[in-house]
Amino acid sequence: MKIQNPVLLFASAVATLVLVSCGGGETKKVTGSPDVIVHELSDADMLNPTNYTDAGAGYILKNIFQSLMEIDFKTLELTPLLAESRPQIEKTPEGGLRITYTIRPEAKWDNGEPVKPSDVEFTLKVIKNPKVKDERIRPYYEFITDFITYPDEPRKFTLVSNTVYILAEASSGDYSILPEYFYDPKGLMKSFTIKGLTLEQEKYANDPKLAEFADDFNSEKRGREKEFINGSGAYKLEEWATGQRIVLVKKENWWGSEVKNGSDYFVANAPKITYQTINDQTTALVALKAGNLDVMRSIKSKDFATLPESEKFTENFNAYTPVMLAYTYIGLNTRKPQLSDKKVRQALAHLIDVDKQIKIIKYGQAQRVVGPIHPSKKDEYNTDIAAFDYNPEKAKQMLTEAGWKDTDGDGVLDKVVNGQKVQMNLEFTYNSGNDERKSTALLLQEDARKVGININVVAQDWSVYLENLKNHKFDIFFGAWVQAPVPNDHKQIFHSTSYNDGSNYTGFGSSASDALIDSIRVELDASKRAAMNKRFQVMLHDESPYIFMYAPTERIAIHKRFTNAEPSMMRPGYWEAGFALVK
Amino acid sequence: MSATGKEIKTVSAADQSFWANVKRQFRKNKLAVYSLRFIYVLIFIAVFADFIANEKPIACKYNDNVYFPLLKSYSVDFGLSNWQPEFQNVTWKDLEYEWVVFPPVPYLPKNIDAYNSQSVSPFAEQEVKSTRWKHWLGTDELGHDILSAMIHGTRISLQVGLISQGIAALIGILLGAMAGYFGDDRLKMSRGRLILNVIALFLAFFYGFGSRSYILGDAIGISFGKFFVELLISFALMAVIFAVANLLAVGLKVIPFFRQKVNIAVDIIVSRMIEIMVSIPTLFLIIAIVAIAKPSIILVMAIIGMTTWTGIARFIRAELLKVRNLEFIESAHALGFSEMRTLFRHAIPNALSPVLIAIAFGIAAAILIESTLSFLGIGVPAETLTWGSVLSAARQSPTAWWLAIFPGFAIFLTVTVYNLVGEGLTDALDPRQKK
Amino acid sequence: MLQYLLKRLLIFIPTIIVISLLMFILSANAPGDPVELMLNKNSGNDGQSSQKLSTEKAYNELRHKLGFDLPLFYFSFSNSTSSDTLHKIPKKAHRENLERLASNYGNWSNVAAYYNTLRDYENSVFAIASNDSSAIALNGIKERINDLYKTYEEAKVAIYFSDIEKIYSSAPDLAVSAASFQKTKDAYATMQKNQNTYAKYIPAIHIYGFENQYHRWLFGTSPWFFGEEKPGDNYGFLRKDFGISYQDKRPVWSVLKDALRWTVMLSTISIFLAYILAIPIGVMSAIKKGTLQERATTTTLFILYSLPSFWIATILIIYFCGGDYLDWFPAFGLGTLPPDAPFTDRFMETAYHLILPIFCLSYGSLAYISRQMRGGMLNVIGQDYIRTARAKGLEDKKVVWKHAFRNSLLPILTLFANIFPAAISGSFVIEFIFSIPGMGMTTLQAINARNYPIVFTAVMFTAILTLIGTLVADMLYAAVDPRISYSNKK
């Protein structure tokens, strides 16, 4: 699957979450293969754990590689994987953090050698190697500045950070650990240190050894050929037929089977997992009913609503609808003369009948939101905010209050801004092919026309759409953020410094909001943070750079012959390796 | 060859009566005649789509005044007048008139009927005020009226077919005929004229497009009309430059070196152009250009036209390659007709028959290309519904048969009708049919 | 004949060069900066301004490595305001803006001076360490500078300048950079004062020599005959080095080679089938013109032709591929047998999977070709010599197949050259619906992602294949019609 929404790695808070799942759950004894076939809308780009860019590749890689810690897909809490337990964290007197891990004694690579701290160090050095093509993730690990090992405790090590950050724990252990012997047989990276690669970047910019390593590591075979991809996970790559399917098979004698009381990620029942690419949704649905697929996610709301009518489907499949940790919104460019007044933005919010849209576009499969905090985070979600109601009359009145009148009688409102007459002509952009977004745009267009706002609906290719957002070349757009069950860091989206390089497309930000965002980032006390987050939601609601729409629910179908297939709020929404046949 | 004697006679005798004869022949083919009539109906629907399906009343009495909102909307669109305050941004069907005449279909394709969303079947119960407001062909996902979409879609598909093939035929017939007729040895030009024309080509491009690129670029951002005007200015500039060059060429003839005649290998040049055009996959080119520029149906038509002329050119070239060696053309030469006259009056009409089929099929193909582009979600603006876009919406809801049947049938009928007319013309144009 | 063939092959060379130039111009003018596309993917990066320097460095490095800092072509034909050093300016957006400024003011050196002062000013602003009180103000200035780089309208520039002045008056601790700001303003004013409106109407030619993007793309940087190879050298299109895909950073050839195989297979089979079926249908409907049988065939063909293939493909999948209805065919892909399975098994499985896609690809051209065949046949049958042959009492079948058929093949042979590229680019809809990883789909995805190396190479492949197709068609043409003379005899 292509990343439809820029994946927000760092957002959201750890909270107790209730899985809302309706439909299925019932299982059925069917004689069938224990192998699992998962549908993918498009081929993964590569199976290189640091260089991949597409979300689908990330889900597949989780079966081949392991990280120190992972967010458990059931409890949504951090759970140790290669690490023995969650790390010990202490603040240093210099205002930084020391994060100490111990690796599981059972953890082994395929050659029988134990996983050692040196492998972790190696992985971090790979990530920080300036020639490795992992620009996407490298910035997230800049905060790790040093690596300490302990000669008398061979499995223990400490990561040093020179700042305090709410996400330090989560991101200190979320990268896939690479076997040093396998990826660097020549020992090219041995002579470098994490400290050097982080703090003296200039010095290493043209180092030939780093370049030689990177050439091999970036090469096509490291991302596609089974002889050159290996990790500590339960599966290994068996076959990759480009554009068709990726097949993983379970390793014999995988070390994880010996782990007692491990998390769910240690359960690997499926002997073989196939990721089958079918580009067209309609075709994929037929293939599902025909029994060629076992798992399908992100089924279109409309199709999902009609699936129960199919006998073949209800006989063989369970439908699941876990709430997704994501929200959709309509972004408004606050730097445009037409939209710079918050009254106008609020008026637009009053023109959108979100509840009706949930009904007719999402077929009821969504939950309304009022801010960037997911409603499932009960402690932090501000329930005191009343969502904007659908009220064209009020919208009209607010526009008049803001000084927008139709003085020239052409049916479009206008106003004199900075000495120039500005017409209320706006452009609504969405990424082409996304019919749900198009429908929202057309509905808004129709309602806005009646109050004198002329909206032009424009579809743009994904890359152009993103480029225009980054360069703030838009008036209104439809967007979505996917979150992870970790504390929310609003800096990337709402801080004014993110206007030039980050994702603050709308140009929102004042000294007050910046200060609030900065203090949320470093507040380690959850209850204090919750209060701050509530204040932040009020601020956003008032300023309305976003019109917050809804948190969609995921739409998944899983074959009835599998147990242990409970869906999760975390993407992709299931742990396919854990599926087992009904006994 | 035995046929030639007869052909000489046809050509020399029947210059004036040629088209009259074609007309007579065409009338004999009943199917083609009915098809042509059907095309007239399509043209009527396309031209008067606004009066057949519209949200605005044709006439109404409101607050003791009689209004003609539909006509008025034209003058407002052209910037000639403004709406009365009471009609600004109203929902026309909710106003309380004393009396009112709505068009037969009281919806525009972009109107969203919130009460009949999620694809309502024509036979299902609809939430409408009265039968007057019924959606006779059902609605789509958002509640657009399909009948209205079909009527306004007629206009788009007709435009797409006619304009694109018009462009294609113009380029194709001209280049193909030149290539086939002149071949590599029949077109001669003085050396001075040739050199000056090559220089003029560069200069024309520079002044027409190079130095005006920003003006043109800004114009396309404002409106298509503005762009079109600027484009015409560019073409005019180019024409002037060529005219000047050719005038100069007359003067240059004084020098013997420039007077000398050179042979221009027209066939090689045109054949290379055809080869180049044909080798670039059209659909990719359209998608690439449409992906770069703003979606507009006119752009799509222009690109389809400028990329599909090769088929026509190839046909006419191949035919003329045959025709030019036939005796009747040579006798036209012998009779002292000029090259151009021979080419346009005698050679081309004799080669038109396969071209007309190609154009008829081309119109159909253009309509199909438009529907494929709609399937990909590019080409037309989001709020515009075309036959193709309704049909591709049907793909996602297989149970909503009305979204598939009506546009599918419309495309089928249109394509077929063009083909029948094309064949009727083929037969009528065939000189051997004249008895 | 052999001479003609050789001549045609020689003529291929300029044709291919012109096609490559066309594609080159198209991709050079496409919006979007390829270097940026390659650097930051869909991720949101953290947006710390401390990173600015390192990203800029990475940008310049990659740009240099890919050769985007070179001029486009051997020479350029433009107006006298443009500079022969413009291609050295890093960002595409900045480059475009400078070009426009130069065109407006007609004096490149003044424009360059303005750009340089703006850069100095930007550096001086980034050198200021931000503290809590000035962070917003500093950020405001950075935004305005960013905007200035992309603005040529005088009114807007004036607004940005006054915005910056306002910020300075409210945040005194930023004043260190004020001098540099003044210089920028002065440079802008100088540029405005010394306008030369006519300069853009004077044509100019710049010559760049062999160090240009097109040359590098065609011949590569590695030496052809002598000299030593440097690491990172590329070999150029002529030596089968088609570049690197922006998207997954794989070599283009490795992305396209499988796709090419599937597409060539799909399109040749479907064209072959279409011809095999269309010729007899066309002949029959010409002979039996006006009969009920002919009308029925014609109508069926029209119906087929006028139904968009995406719609037919969907219907077939829904009704025949094991959904809620019949389960006769597989709905997607090419089969799952491993490459080491016996050839016959794999062949059978692939064939089974290709039945529906090939049907969808060929029915449209089937109608088209058979109509043309019918037209050609009717044309010939009406001619005197056929009538004479019939009058002589020759057997009808013999007349049709021996005399008329050969001559009526002409128009449909010309079609071959048109159908082939259309089959390749038209196949993407079918490839998409049936999930066949062919060239059409690969190219479509590449167009959408602005992955130009792939688009470029795919188009070149199609072009070369088509040229070969055209040549074959022309040869056949000559073989069929003796009237066409290929030699230049008078």
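Each chain gets a letter, A, B and so on, in the order the sequences are listed, and its residues count up from 1.
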Look up atom [atom1] in [X] and atom [atom2] in [Y], then write down how far apart they are to the nearest 0.5 Å.
X	Y	atom1	atom2	result
Phe77(C)	Leu203(B)	CZ	CG	6.0 Å
Tyr198(C)	Ser211(B)	OH	OG	14.0 Å
Asp218(B)	Glu153(C)	CG	CD	8.0 Å
Thr466(C)	Ile276(B)	OG1	CD1	12.5 Å

Heavy-atom distance under 4.5 Å to chain C: side chain of Phe202(B), backbone, both or neither? both
Is it the backbone or the side chain of Ser392(B) that comes under 4.5 Å from a heavy atom of chain C, or both, or neither? both
When you compare the side chain of [Y] with that of [X], does any pair of heavy atoms fall below 4.5 Å?
X	Y	answer
Arg395(B)	Ile433(C)	yes
Leu467(C)	Glu275(B)	yes
Glu99(C)	Tyr214(B)	yes

Go through Ile11(C) and Arg272(B) one step at a time and tell me if the side chain to side chain contact (heavy atoms under 4.5 Å, CB included) criterion holds. CA-CA 8 Å; Ile11(C) 282 176; Arg272(B) 294 296 79 72; 3.0 Å; yes
Which residues share a side-chain contact (heavy atoms from CB on, under 4.5 Å) with Ala286(C), sequence neighbours left out: Arg374(C), Met377(C), Leu378(C)
Do you know which of Leu22(C), Ile464(C), Thr443(C) has the most heavy-atom pairs with chain B at a distance under 4.5 angstrom? Thr443(C)
With a 4.5 angstrom heavy-atom cut-off, which part of [X] approaches chain B: side chain, backbone, both or neither?
X	answer
Ile318(C)	side chain
Phe461(C)	neither
Thr298(C)	neither

Tell me whether Phe205(B) at atom CZ has more than 12 heavy atoms from other residues, nucleotides or ligands lying less than 6.0 Å away. no
So which heavy atom on Tyr201(C) is nearest to which on Tyr207(B), and how close? O-OH, 2.7 Å
With chain C, which of Ser371(B), Gly183(B), Gly210(B) has the greatest number of heavy-atom pairs at distances under 4.5 Å? Ser371(B)
What option among Ile280(B), Thr372(B), Leu391(B) has the most heavy-atom pairs under 4.5 Å with chain C? Leu391(B)
With sequence neighbours left out, the residues meeting side-chain hydrogen bond (donor to acceptor under 3.5 Å, both in side chains) with Ser365(C) are none
